[in-house]
Protein chains: 2
Amino acid sequence: MNNLVSIKSATLSEDIAQQLSNAIVQGDIPQGSKISEPELAKQYGVSRGPLREAIVKLEGLGLVTRTANVGARVIQLNTQDMLDTFSMREALEGMAARLAATSMPRNEVNRLYALLDKHQAYLDDNQDEHYVQQGGNDDFHLRIIHASGNAKLVRLLTEELYAVIRMYRRHTADQRSDPRQALREHRAILDAIANHEGDLAELLMRRHISRASHLLKQAMELSSLASQ
Amino acid sequence: MNNLVSIKSATLSEDIAQQLSNAIVQGDIPQGSKISEPELAKQYGVSRGPLREAIVKLEGLGLVTRTANVGARVIQLNTQDMLDTFSMREALEGMAARLAATSMPRNEVNRLYALLDKHQAYLDDNQDEHYVQQGGNDDFHLRIIHASGNAKLVRLLTEELYAVIRMYRRHTADQRSDPRQALREHRAILDAIANHEGDLAELLMRRHISRASHLLKQAMELSSLASQ
DNA sequence: AATAAGCATATTGTCGACAATGTGATGTTT
DNA sequence: AAACATCACATTGTCGACAATATGCTTATT
């Protein structure tokens with residue numbers, strides 16, 4: 001019964017929430033599908049108590065919607081919601097870049113330049129195939145967010161919104177073309193931060209995300225994944 | 001057992017979450033105090049099941065923090081967290097104002113001008129005492145947020161962040177002085193929106209919130225409520 | 001007397017069972 | 001045959017009880 005990856009956490013509910021979140025983001029539980037409490041409880045080998053707690057958490061993350069006396073459903077990605085989410089990202093990560101420009105320590109700036117060099121080398125070696133940054137420490141955006149020094153902002157972006165954002169990345173086959181362009185934009189943002197130009201850093205970050213949003217929109221409208 | 005205000009909702013858990021949220025925002029449950037599940041369950045006349053669900057929701061709203069095997073505690077307001085929260089507000093409501101400038105229908109613009117006139121009249125009649133806008137339909141900021149037309153933004157600001165924001169307003173005795181100045185700023189923002197000047201609307205909204213943040217900071221540093 | 005170990009108690013985490021609600025099928029009526 | 005009512009079933013909501021963990025006190029030891 002106990003499922004494959006069981007990262008022993010302090011409490012069952014946390015474990016289940018983590019696993020369910022991953023399962024949804026990666027599409028193992030398909031979009032729009034119903035979440036059956038008895039079924040999942042049996043599948044994960046726990047009772048319905050902790051499972052329900054996990055579902056409530058997922059609702060807070062916006063990964064499922066719940067209706068009283070009916071149950072929970074996995075969200076259905078669509079273009080409008082994506083655009084809405086990315087508008088929020090634009091505002092929030094723009095603010096993060098602005099803050100980072102005044103508070104990022106010099107050595108972290110250097111580490112980020114090194115990271116971008118690494119990304120560059122990867123593109124050179126893998127004929128421009130997109131770098132797989134699955135939310136780890138190699139994710140440029142996460143590093144900027146953390147450098148903002150705003151704990152609330154970090155929590156919101158990395159714990160509450162990131163699951164959905166990763167879902168959009170994942171399910172559009174990440175075909176937002178031209179990773180070299182994205183890399184150039186990252187470098188420009190970092191330059192602005194290194195020079196403590198908060199206004200410019202915010203502007204560049206917003207353009208960068210706005211552009212990604214446009215590309216994603218085109219991809220979703222062409223792809224059957226969006227309307228399916 | 002059953003507590004005073006019981007707005008019969010579809011489910012007990014929703015009810016309790018709502019009541020607990022209000023109790024925390026209004027200070028009936030003091031900051032930093034421990035949330036005892038058995039005690040509250042008895043107090044509200046329910047079992048621990050729905051109560052726990054409510055607590056999990058409150059954790060998602062950032063009103064309490066939970067530690068495994070230890071329990072939940074009401075958050076403790078402090079200046080740094082307030083500044084962090086208001087930076088996010090600045091970014092998000094700035095974006096909302098920008099979006100509202102392009103999507104707010106003419107008649108809603110007119111209704112908002114009427115609302116500001118009403119606020120003006122209130123100040124004239126009540127020797128500048130601050131208008132009590134307890135998150136209702138008379139709240140200028142809420143109206144702007146809804147006018148953004150961004151459903152995700154609305155949910156985030158009005159359901160997830162607003163409880164904490166109201167808490168800051170409440171516990172600083174709302175002594176952010178000069179309501180007439182605030183009203184002037186509201187009017188300037190609305191003018192920009194009416195003229196479809198998104199850039200300006202965003203700029204003004206950000207300044208407006210930034211200013212409120214500074215005032216709140218001063219109030220908190222002077223007041224014992226902040227460090228108490 | 002101060003510190004540490006151990007124990008008693010209370011609280012949280014988890015479970016299984018019952019109650020309430022929604023859902024789909026069956027059958028009846030027009 | 002179509003629409004509606006009724007009923008059986010499955011799922012969600014709620015409850016009380018047990019297990020696991022933390023906390024505070026007592027006691028023993030140095």
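Computed from a predicted structure; not experimentally measured. Residue numbers start from 1 in every chain, and the chains themselves are labelled A, B, ... in the order their sequence lines are given, proteins ahead of strands.
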Kindly point out which of [options] is positioned nearest to the side chain of [X]?
X        : options                   : result
Asn69(B) : dC15(C), dT21(D), dT11(C) : dT21(D)
Lys34(B) : dT11(D), dG13(D), dT11(C) : dT11(C)
Ser47(B) : dG13(D), dT14(C), dG16(D) : dG16(D)
Pro50(A) : dT14(C), dC15(D), dT12(C) : dT14(C)
Arg48(A) : dG16(D), dT14(C), dA17(C) : dA17(C)

In this structure, how many angstroms lie between the [atom2] atom of [N] and the [atom1] atom of [X], rounded?
X        : N       : atom1 : atom2 : value
Glu37(B) : dC15(D) : CD    : C1'   : 14 Å
Lys42(A) : dT12(D) : NZ    : P     : 13 Å
Glu14(A) : dG13(C) : CD    : C1'   : 11 Å
Leu12(B) : dC18(C) : CG    : P     : 20 Å
Glu53(A) : dG13(D) : CD    : P     : 14 Å
Arg66(B) : dT21(D) : CZ    : C1'   : 15 Å
Leu51(A) : dT12(D) : CG    : C1'   : 12 Å
Arg52(A) : dC15(C) : CZ    : P     : 15 Å

Using a cut-off of less than 4.0 Å, is there contact between a side-chain N or O of Thr11(A) and OP1 or OP2 of dT14(C)? yes
Fit a plane to each ring of His141(A) and His208(A), take the angle between them on a 0 to 90° scale, and name the class: parallel (under 30°), tilted (30 to 60°) or perpendicular (over 60°). parallel
If you compare all heavy atoms of [X] against all heavy atoms of [Y], which two are closest, and at what distance to 0.1 Å?
X         : Y         : answer
Ala147(B) : Met104(B) : CB-CE, 3.4 Å
Ser13(B)  : Lys57(B)  : OG-NZ, 2.9 Å
Ser87(B)  : Met95(A)  : O-CE, 3.4 Å

Hey, does the Lys NZ or Arg CZ of Arg89(B) hover above the aromatic six-ring of Phe86(B), less than 6.0 Å from the centre and inside 45° of the axis? yes
Toward the 5' end of DNA chain C, which comes first, Ile35(B) or Ala68(A), by nearest nucleotide? Ile35(B)
With a 4.0 Å cut-off on heavy atoms, is Ile16(B) in touch with a base, just the backbone sugar-phosphate, or nothing at all? nothing
